[in-house]
Amino acid sequence: TNDVVTREYTVNIHKRIHGIGFKKRAPRSIKEIRKFAEKMMGTPDIRIDTRLNKHMWSQGVRNVPYRVRVRLARKRNEDEDSVHRLYTLVTYVPVTTFKGSQTVNVESTE
């Protein structure tokens, strides 16, 4: 895998928390985003931005947003004592509509 890459994805949360009890929906949605990021980027170390967390919880524990646009940034791990060379930062991308939005590579600003 080429080291450092940033992509934007739309995650369909709705299908991922189907059949989950009300009190576990928001926490599960965060876990599912984590799982999604790990699958897409192949790094076990996933860090979720607080703004994304706030957005997922914005309508309470039960009414989680159906979809969310996220930016997955695979970065080099700075602290040397970590076992993983790379980590993935997951940030929230506000969009007005999800219609026709596809996965895009973002030119990294590093």
Side-chain angles (χ1 to χ4, degrees):
T1 57
N2 81 330
D3 272 1
V4 179
V5 66
T6 306
R7 293 196 198 99
E8 274 182 21
Y9 294 91
T10 301
V11 187
N12 184 349
I13 302 296
H14 194 231
K15 72 174 184 185
R16 288 175 167 85
I17 58 172
H18 176 258
I20 303 298
F22 277 153
K23 289 299 181 189
K24 296 199 172 78
R25 285 173 89 90
R28 173 62 73 94
S29 73
I30 298 295
K31 287 192 191 89
E32 289 295 335
I33 291 173
R34 198 177 283 276
K35 200 164 95 183
F36 176 85
E38 190 168 339
K39 185 178 169 194
M40 292 302 168
M41 288 302 187
T43 63
D45 187 354
I46 308 287
R47 304 176 192 182
I48 291 184
D49 186 56
T50 50
R51 277 171 299 225
L52 176 58
N53 192 48
K54 281 217 168 56
H55 173 72
M56 295 318 291
W57 280 86
S58 61
Q59 298 165 17
V61 69
R62 311 168 31 159
N63 303 320
V64 179
Y66 276 6
R67 282 160 211 269
V68 64
R69 188 83 173 156
V70 294
R71 178 171 292 178
L72 302 186
R74 187 164 56 204
K75 300 184 171 180
R76 278 189 201 83
N77 213 339
E78 295 306 327
D79 71 275
E80 274 67 49
D81 47 345
S82 169
V83 284
H84 308 301
R85 225 165 39 80
L86 299 166
Y87 72 92
T88 302
L89 180 65
V90 188
T91 49
Y92 168 58
V93 181
V95 288
T96 47
T97 177
F98 294 104
K99 297 279 190 284
S101 62
Q102 291 178 324
T103 298
V104 292
N105 283 315
V106 181
E107 297 310 312
S108 67
T109 54
E110 292 180 84

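In this text, all values refer to a predicted model and were calculated from it rather than measured experimentally. What you see below is based on every heavy atom in this structure, not just the backbone, and it leaves out hydrogens, waters and symmetry mates.
- Inter-residue side-chain proximity for Tyr87 and Thr43 is flagged as unmet; no heavy-atom pair is nearer than 4.5 Å.
- Between Pro65 and Ile13, the shortest heavy-atom distance links the atoms O-CB, 3.6 Å.
- Between Gly60 and Ala26, the closest heavy-atom pair is O-CB, 4.2 Å.
- Of all the heavy atoms in Ile48 and Asn53, the pair that sits closest is CG2-N, 4.5 Å.
- Residues Met56 and Ile33 meet the side-chain proximity criterion, which asks for heavy atoms closer than 4.5 Å.
- Looking only at distances, a side-chain donor or acceptor of Arg25 sits under 3.5 Å from a matching main-chain atom of Ile20.
- Side-chain polar atoms of Arg74 and Thr88 form no donor-acceptor pair below 3.5 angstrom.
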Audit row: Arg47, Leu89, side-chain contact (heavy atoms from CB on, under 4.5 Å) steps and yes/no: CA-CA 5 Å; Arg47 304 176 192 182; Leu89 180 65; 4.1 Å; yes
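- Linking ILVMFWY side-chain heavy atoms closer than 4.5 Å, directly or via other members, places Trp57 and Val64 in a single hydrophobic cluster.
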Step-by-step side-chain contact (heavy atoms from CB on, under 4.5 Å) determination, Val11 to Arg16: CA-CA 9 Å; Val11 187; Arg16 288 175 167 85; 3.7 Å; yes
side-chain contact (heavy atoms from CB on, under 4.5 Å) evaluation trace for Lys75 with Leu86: CA-CA 6 Å; Lys75 300 184 171 180; Leu86 299 166; over 6 Å; no
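- Sparse packing is recorded around CZ of Arg28, with 12 or fewer heavy atoms of other residues, nucleotides or ligands lying under 6.0 Å away.
- A salt bridge is defined here as a Lys NZ or Arg NE, NH1 or NH2 lying under 4.0 Å from an Asp or Glu carboxylate O, and Glu38 with Lys35 fails to meet this definition.
- Distance check, rounded to the nearest 0.5 Å: CZ of Arg85 to CZ of Arg76 gives 7.5 Å.
- The line from CD1 of Ile17 to CZ of Phe22 is 10.0 Å long, rounded to the nearest 0.5 Å.
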Do Ile46 and Met41 pass the side-chain contact (heavy atoms from CB on, under 4.5 Å) test, and can you show the C-alpha distance, the side-chain angles, and the key distance before you say yes or no? CA-CA 9 Å; Ile46 308 287; Met41 288 302 187; 5.6 Å; no
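- Going from atom NZ of Lys23 over to atom CZ of Arg62 covers 7.5 Å, rounded to the nearest 0.5 Å.
- Taking the charged nitrogens against the carboxylate oxygens, Asp49 and Arg71 have no contact shorter than 4.0 Å, which rules out a salt bridge.
- In terms of heavy-atom proximity, Thr6 sits nearest to Ala73 at OG1-CB, 3.8 Å.
- Taking the six-membered ring where the residue is Trp, Phe36 and Tyr9 present perpendicular rings, their angle passing 60° and hence far from 30°.
- Within the 4.5 Å cutoff, the side chain of Phe98 has no heavy atoms near those of the Asn12 side chain.
- Crowding of Arg69 atom CZ: a count of heavy atoms from other residues, nucleotides or ligands under 6.0 Å exceeding 12.
- Under the 4.5 Å side-chain contact rule for hydrophobic residues, Val70 and Met40 share a cluster.
- Few gaps surround NE2 on His84; more than 12 heavy atoms of other groups in view lie less than 6.0 Å from it.
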